[in-house]
Number of protein chains: 2
Amino acid sequence: MSDYEHTCMIRGDGGKTLRAILDQICNKWTLLIVATLDQSRVRFTDLQHQIPGISQRMLTLTLRNLERDGLVDRTVHAEVPPRVEYELTPTGKSLLPPALALAGWALQHVPHIEASRAAYEKRSQAAIG
Amino acid sequence: MSDYEHTCMIRGDGGKTLRAILDQICNKWTLLIVATLDQSRVRFTDLQHQIPGISQRMLTLTLRNLERDGLVDRTVHAEVPPRVEYELTPTGKSLLPPALALAGWALQHVPHIEASRAAYEKRSQAAIG
DNA sequence: CGGGATCCAATACGATACTG
DNA sequence: CAGTATCGTATTGGATCCCG
């Protein structure tokens with residue numbers, strides 16, 4: 001499918017559901033969690049450590065949403081202390097390439113964007129003064 | 001760069017700036033606007049029509065952010081009535097492929113995700129009842 | 001250890017009214 | 001036409017406490 005066809009479908013009217021799903025994929029933590037689950041199954045606490053800054057609450061909520069959408073599998077081991085592991089489903093893994101592509105783009109353009117922001121702020125200041 | 005290297009860089013500590021930028025790209029309207037600017041320069045009102053559901057306020061705000069980040073150029077024509085056109089900068093255009101890849105993924109998996117959600121709700125109901 | 005429940009602050013967003 | 005300003009609501013997310 002060409003880029004142009006993509007844009008047409010994105011803009012299409014039926015796109016309300018699509019927008020909702022895009023919103024959910026593109027929130028603050030989803031991409032990070034998916035990226036972190038790339039290699040293997042990971043425990044809850046390990047996830048929390050590997051994603052600095054995420055709160056327990058948001059980790060739980062985001063994982064539940066991913067589970068609900070069939071992108072992540074949750075395995076509870078009947079042990080004491082309890083052990084819960086998360087891993088990507090095949091669908092979840094299929095999200096990896098585009099997700100990493102976007103993240104890679106952001107990574108590449110951080111310097112450019114920061115410079116552009118600085119220049120913009122400077123212009124704003126100049127306009128005021 | 002391999003997927004694995006990508007994930008390492010995403011998870012890295014310096015990632016606070018990266019996360020902030022990813023957040024901004026992945027908000028409710030940015031991807032839609034970028035996708036809509038794909039082909040050519042578009043006027044403010046036309047953008048509003050091509051992105052059903054966006055409010056004037058959010059269109060303005062998001063466009064300003066994109067301009068600030070150097071992804072969109074704003075051209076004001078000295079006419080009456082005024083005419084303002086927006087177009088992607090080269091950096092903005094470079095965002096197009098990964099953005100469309102993600103949107104394409106979402107599009108492909110809408111049915112699967114909706115089915116998974118329905119099944120999940122059903123399980124939850126069963127657990128309650 | 002994993003995570004549910006609650007409270008609270010920040011902010012994102014929409015609706016409306018006004019302007020050059 | 002292309003915004004800006006203001007207001008009110010809805011959502012997001014962190015902090016904290018508690019529980020099996």
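Within every chain, numbering begins at 1; the chains are lettered A, B, ... in the order of the sequence lines, protein sequences first and strands thereafter.
Applying the 4.0 Å criterion to OP1 and OP2 of D/dA2, one finds that B/T45 has a side-chain N or O inside that range. Contact check, A/S55 against D/dG14: a side-chain N or O comes under 4.0 Å of OP1 or OP2.
Here the side chain of B/T62 pairs no donor or acceptor atom with the backbone of B/W29 at under 3.5 angstrom.
Listed nucleotides C/dC1, C/dG14, C/dG3 differ in distance to A/T60; the shortest reach to its side chain belongs to C/dG3.
Both A/P82 and A/W29 lie close to DNA chain D; mapped to their nearest nucleotides by heavy-atom distance, the more 5′-ward contact belongs to A/W29.
One atom, NE2 of B/H77, and another, P of D/dG3, lie 12 Å apart when rounded to the nearest Å. Summarising the geometry, the separation between CG on A/N65 and P on D/dG13 is reported as 11 Å, rounded to the nearest angstrom. Atoms CD (A/Q56) and P (D/dT16) sit 13 Å apart, rounded to a whole Å. Following rounding to the nearest Å, A/R57 (CZ) and C/dA5 (C1') show an atom-to-atom distance of 10 Å. As a whole-Å value, the separation of A/R64 CZ from C/dG4 C1' is 9 Å. One interatomic measurement links the two molecules: CE of A/M58 to P of C/dG4, which rounds to 13 Å at whole-angstrom precision. Atom CG in A/D23 sits about 18 Å away from atom P in D/dA10, given to the nearest Å. Summarising the geometry, the separation between CG on A/N27 and P on C/dT11 is reported as 18 Å, rounded to the nearest angstrom.
Looking at every heavy atom in both residues, A/P98 comes nearest to A/S94 through CD-O, 3.5 Å.
B/I54 contributes atom CD1, which lies 4.0 Å from atom CD1 of B/I33 (distance to the nearest 0.5 angstrom).
Between the side chains of A/N27 and A/T30, at least one donor N or O sits under 3.5 Å from an acceptor N or O.
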